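Inspection log for the structure reproduced underneath, given as structure tokens.
If you're wondering where the values come from, they're calculated on a predicted model, not measured in any experiment. Note that ligands are numbered from 1 as they come in the structure, with each ligand's atoms numbered from 1 the same way.
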Amino acid sequence: MVKRLIYADNAATTGISDEVLKEMLPYFQDNFANASTAYEIGQQAKAAIERARNKVAASIKSKPEEIFFTSGGSEADNWAIRGVAEKLLPQGKKHIVTSVFEHHAVLHTCEALEKRGYEATYLPVDSKGFVNPEDVRKAIRDDTALVSIMYANNEIGTIQPIEQIAAICHAKGVLFHTDAVQAVGNVNIDVRKQEIDLLSISGHKIHAQKGIGVLYVKKGLVLSNLLYGGGQERGKRPGTENVPAIAGLGRAMELAVSNLENKINEVTEKRNRILDGILAIPGTRLNGDREKRLPGNSNISIEGIEGESLLLLLDQVGICASSGSACTSGSLEPSHVLLAIGLKPELAHGSIRLSISQETTDEEITYILDNLREIIHKLRTMSPLWEETDE
Ligand SMILES: *Cc1c(COP(=O)(O)O)cnc(C)c1O
């Protein structure tokens, strides 16, 4: 029998959609030209890049010249933070404000800057995973260069009060960056209206390729380069452009924001079925906020089980999900996000994240819930951590 595959880990990565692949294919073989060349096929490759730039810009309501292609979300985060920090250092600005539960692309960049003499404030989040805008106001100092707060959290899906935070930054004359990798295609983004100065996007979270991303940089803002080399991306980001990936990302952004309200409603409804189904099991609790939450994200702590064992058993029945441990690094450190919202390490270890997409079917959700109930029961029966009192 062919093993079923039910993919519920879209927050980790997504597959390339047919439409995105179609957009990419011509630039692998038919036209493989370097976009910096003067002949016709080179100019066609360049035109493909500029079409993609226009599409990305339109999808976040920016201008095309504010869009810079990078190697992904991590590079965009690194560049935003280091680019501002290094640029503003001569003005005596050496302080960055961020939160404790950012993606490591932000946290580790700030930590690296601290080792070089910069200072960073890591704001706490509340039990639902919200940054308090008033904490941002209090943290900003005369020497603050940048505030970087993620739009939506990749583990627990909490959507931050971005506009309020941005308004506070600007009232204090400080730049505002947001990692919107998880938010794109799930919330309405309007960089102008929301007063966002810098914003990071990653292709592979929205059905484009891995290794492509974008940093939006508000017009007039000059950042230090992260990389030096050729004149690509107006001299700000060198390297021969990855034309297929860029073309695909343009299409992916266009698709991500089309019919957005319908998509949000549809995915939220399916997601709620998952939440209600799991939360009906005794000894479970929701992580993150129920309302201000990414549509596809379910993150639940389950008492008396180990997330790693749960994932292995789910994998045996073809379900791909994530747990509350940084198992990718081979360590069993509980997630910094779950600890930040106040979970005890045991409960953080017993957490599961299911991130669905529009493609997830009702039948798949039934399959996920049936298997989860069975596996949780099985693991608890074997567990010394669990006393079956109320079942
Ligand atoms: C995936 C992710 C990133 C990293 O993006 P890459 O393209 O994989 O480098 C950064 N921030 C968040 C919130 C993410 O989910």
Side-chain angles (χ1 to χ4, degrees), residues 7-16 20 56 60 67-83 98-112 122 125 129-131 148-160 162 165 177-187 189 196 198-216 226-227 237 239 242 245-246 248-250 252-253 256 287-288 292-299 320-324 326-329 335-338 340-341 353-357:
Y7 189 72
D9 205 14
N10 287 277
T13 194
T14 59
I16 297 183
V20 168
V56 173
I60 59 168
I67 300 299
F68 295 86
F69 292 108
T70 67
S71 67
S74 298
E75 185 190 327
D77 285 343
N78 273 260
W79 186 16
I81 296 167
R82 278 177 58 186
T98 185
S99 84
V100 288
F101 86 158
E102 298 294 311
H103 191 272
H104 285 127
V106 167
L107 287 179
H108 290 169
T109 301
C110 291
E111 286 164 15
Y122 301 90
V125 292
F130 290 112
V131 171
S148 177
I149 303 287
M150 72 199 315
Y151 206 126
N153 185 271
N154 45 309
E155 291 190 40
I156 59 170
T158 311
I159 299 170
Q160 300 295 339
I162 286 304
I165 294 171
H177 165 250
T178 189
D179 174 338
V181 169
Q182 295 286 338
V184 168
N186 289 311
V187 298
I189 298 179
I196 296 166
L198 300 132
L199 177 139
S200 306
I201 295 171
S202 169
H204 73 96
K205 306 286 172 73
I206 54 167
H207 303 283
Q209 209 192 331
K210 293 162 186 65
I212 190 72
V214 159
L215 182 65
Y216 149 81
L226 199 59
L227 304 172
R237 204 288 185 177
N242 187 343
I246 290 173
L249 177 58
M253 284 295 284
N287 295 318
K292 292 201 175 72
R293 177 180 203 97
L294 288 174
N297 176 292
S298 302
N299 190 313
C320 305
S322 279
S323 84
C327 47
T328 42
S329 61
S335 136
H336 70 292
V337 171
L338 297 178
I341 60 169
R353 178 187 73 187
L354 295 157
S355 43
I356 59 165
S357 77

Please state which protein non-hydrogen atom is closest to [atom] and give its distance, to 0.1 Å?
atom	value
atom 6 (P) of ligand 1	Gly73 N, 3.5 Å
atom 8 (O) of ligand 1	His204 NE2, 2.7 Å
atom 3 (C) of ligand 1	His103 NE2, 3.4 Å
atom 7 (O) of ligand 1	Ser202 OG, 2.7 Å
atom 11 (N) of ligand 1	Asp179 OD2, 2.6 Å

Do side-chain atoms of [X] reach the backbone of [Y] as a donor and acceptor pair under 3.5 angstrom?
X	Y	result
His336	Glu102	yes
Glu155	Leu338	no
Thr98	Ser148	yes
Thr178	Ala180	no
His207	Gly15	yes

Check: Based purely on interatomic distance, does Ser74 place a nitrogen or oxygen under 3.5 Å from a nitrogen or oxygen of ligand 1?
Finding: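 N/O-N/O distance below 3.5 Å exists for this pair.
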Can you list the ligand 1 atoms lying under 4.0 Å from a non-hydrogen atom of [X]?
X	value
Met150	13 (C)
Asn154	13 (C), 15 (O)
Gly72	7 (O)

Could you see which bit of [X] sits under 4.0 Å from ligand 1, with heavy atoms only: side chain, backbone, both or neither?
X	value
Lys205	side chain
Ala105	neither
Glu75	neither

Exercise. In terms of heavy-atom contacts, does NZ of Lys292 have more than 12 from other residues, nucleotides or ligands at under 6.0 Å?
Worked result: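 Atom NZ in Lys292 is not crowded, with 12 or fewer foreign heavy atoms closer than 6.0 Å.
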Would Asp9 and Ser322 count as having a side-chain donor-acceptor pair, cut-off 3.5 Å?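 Side chains of Asp9 and Ser322: pair found under 3.5 Å.
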* Return yes if a side-chain donor-acceptor contact under 3.5 Å exists between Asn78 and Thr109, otherwise no. =>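 Yes, because at least one side-chain N or O of Asn78 sits under 3.5 Å from a partner of the opposite role on Thr109.
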